[in-house]
Amino acid sequence: MSEVIKVGMADLKLAAPPNTIRTSGLGSCVGVVIYDEMTNISGMAHVMLPDSSQSKQVTLNTAKYADTAIKELFNKMIAEGARSYSLKAKMAGGAQMFTFQSGSDVMRIGPRNVEAVKLALKQLRIPVLASDVGGKSGRTIEFDPVTKKLHIRTVNQGTVAI
Amino acid sequence: MRDLNQLKPFHLDVLKEIGNIGAGHAATSLSTLLRRKIDMKVPNVRVVPLQDLPDQVGGAEAEVAAIFLRIEGDAPGSMFFLSEIDQAERLIRSLIEDEDFQLKQPPFDQIGLSALQEVGNILSGSYLSSLADFTKLNLQPTVPGLSIDMVGAVLNYGLMSISEVSDHALVIDTHITEADNESEETSGHFFLLPDPDSFQVIFKALGVDVDE
């Protein structure tokens with residue numbers, strides 16, 4: 001029996017076939033999938049904010065920030081037996097859900113999340129093979145470690161696979 | 001008081017009262033606008049893990065019409081008015097007297113959208129101005145934004161400033177319903193999400209001892 005592993009907001013998890021892995025309702029957050037092409041070990045993070053050094057928290061939730069979440073996901077996958085040279089990534093999210101007349105910079109969090117995720121992946125030399133980022137729509141994403149397809153559902157545009 | 005676990009039951013009661021006052025004014029405004037009697041339910045005040053917040057309104061993927069604004073001034077925070085698609089449609093239809101208006105499939109009629117935005121503006125404005133009167137704090141709403149999308153996507157956008165300091169949010173949730181609607185469907189939720197640093201300011205303004 002295969003099951004769908006659910007990743008919440010500011011959360012990260014691993015999955016292996018036949019299970020799939022999913023996160024719902026990405027807005028400005030970015031959903032990142034890292035997978036090993038050879039072993040099929042896969043992981044997903046639901047990143048809320050770009051940079052952990054901006055954190056004012058006493059105890060850091062590493063899954064919340066792009067820089068720490070990607071690193072932790074990477075480490076967990078390696079510990080599970082994934083090989084760093086065959087890792088690939090796909091990502092989706094980083095939308096601008098509301099448009100305001102006064103363009104306050106803090107509201108540009110979506111694009112900043114996308115940039116931070118890209119940078120963190122680059123530092124680990126993980127290529128991004130596909131992405132669906134930006135825009136104004138929320139997304140629900142599900143990754144299948146067997147087909148390596150990331151299925152993206154939006155409210156008004158149906159489902160696409162990248 | 002950044003640690004929400006330090007809040008005592010009487011703190012929550014005070015915040016509940018604040019929610020009551022704000023929502024009471026919003027309900028009155030909506031009654032006037034629609035020329036129908038609008039009820040509001042006593043708000044729930046809860047400390048909720050950020051992850052669980054979408055579950056308060058049908059789960060991360062549930063579709064809603066959402067009005068979002070930031071509160072600026074002495075006690076910054078975020079405010080949402082969330083309404084199920086069906087309810088928002090009904091509201092707009094009766095406002096613009098157009099039975100064909102729909103929110104299921106774009107393109108959406110601009111007049112209808114702008115009516116909804118205006119409702120959000122009026123409701124959140126009356127909610128907030130009653131809070132400002134009550135607390136004597138300087139609270140200013142930003143121009144609200146409107147989005148028709150998944151609850152999770154809409155909420156996580158509004159949770160940024162809170163999520164920088166906490167994994168929990170204090171939610172002052174109020175339900176506004178139509179009094180003669182026997183199915184008792186919810187017409188909308190107000191979510192008032194004060195930024196963590198704002199609690200102290202609010203309690204101080206109300207003369208409530210913070211560290212008791």
Side-chain angles (χ1 to χ4, degrees), chain A residues 6-11 22-31 46-61 63-65 92-110 112-113 135-142 153-158, chain B residues 2-3 48-55 57-70 72 76 78 80 85 103-108 117 120 140-169 195-197:
Chain A
K6 290 193 174 130
V7 180
M9 226 186 274
D11 186 15
R22 170 189 175 92
T23 194
S24 299
L26 289 163
S28 53
C29 298
V30 174
H46 182 137
V47 168
M48 281 189 91
L49 292 164
D51 185 1
S52 65
S53 68
Q54 303 290 313
S55 170
K56 297 159 200 156
Q57 274 180 290
V58 187
T59 42
L60 191 71
N61 175 0
K64 192 189 282 182
Y65 303 92
Q96 173 108 11
M97 298 305 297
F98 296 91
T99 32
F100 298 97
Q101 262 117 7
S102 62
S104 146
D105 196 48
V106 74
M107 295 301 167
R108 286 192 64 257
I109 195 77
R112 284 169 54 212
N113 278 336
K136 289 191 280 187
S137 299
R139 296 167 171 93
T140 285
I141 61 171
E142 185 168 333
R153 191 180 82 79
T154 48
V155 165
N156 290 313
Q157 293 134 46
Chain B
R2 277 188 171 165
D3 189 355
V48 180
L50 293 182
Q51 292 207 10
D52 297 346
L53 200 55
D55 294 332
V57 249
E61 282 192 74
E63 287 174 38
V64 288
I67 311 269
F68 166 67
L69 58 90
R70 283 286 297 165
E72 293 172 347
S78 293
F80 287 97
I85 296 290
L103 280 174
K104 302 246 174 358
Q105 196 67 42
F108 305 127
Q117 185 131 19
Q140 293 151 356
T142 62
V143 177
L146 170 69
S147 178
I148 318 289
D149 215 303
M150 303 175 191
V151 169
V154 170
L155 283 177
N156 74 37
Y157 191 77
L159 290 172
M160 286 163 331
S161 46
I162 292 168
S163 66
E164 276 174 12
V165 276
S166 174
D167 290 320
H168 292 77
D195 287 359
D197 287 338

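Below, chain A is the first sequence line, B the second, and so on; all start at residue 1.
With values rounded to the nearest 0.5 angstrom, B:Asn156 atom CG is found 8.0 Å from A:Met97 atom CE. Between the CD1 atom of B:Ile148 and the OG atom of A:Ser137 there is a distance of 11.5 Å, given to the nearest 0.5 Å.
Contacts of B:Ser147 classified as side-chain hydrogen bond (donor to acceptor under 3.5 Å, both in side chains), with partners at least two apart in sequence or in another chain: none. Annotation: salt bridge (Lys or Arg N to Asp or Glu O under 4.0 Å) contacts of B:Lys104 (sequence neighbours excluded): B:Asp86, B:Glu89.
For A:Leu49, the part sitting under 4.5 Å from any heavy atom of chain B is the side chain, from C-beta outward, and nothing else. If you measure heavy-atom distances from B:Glu63 to chain A, the contacts under 4.5 Å come from the side chain alone. Interface remark: A:Arg153 contributes backbone and side-chain atoms alike to the contact with chain B (heavy atom separation under 4.5 Å). No part of B:Ala62 comes within reach of chain A, as not one of its non-hydrogen atoms sits under 4.5 angstrom from that chain.
Per-residue heavy-atom pair counts under 4.5 Å with chain A were compared for B:Leu146, B:Val151, B:Leu159, and the maximum is reached by B:Leu146. The greatest number of non-hydrogen atom pairs below 4.5 Å with chain A, out of B:Leu155, B:Val154, B:Leu50, is found for B:Val154.
Looking only at side-chain heavy atoms (C-beta outward), A:Met9 and B:Ser163 stay at 4.5 Å or farther from each other.
Between B:Met150 and A:Thr154, the shortest heavy-atom contact is CE-CA, 4.1 Å. Nearest heavy atoms, A:Ala10 versus B:Gln51: O-NE2, 3.8 Å.
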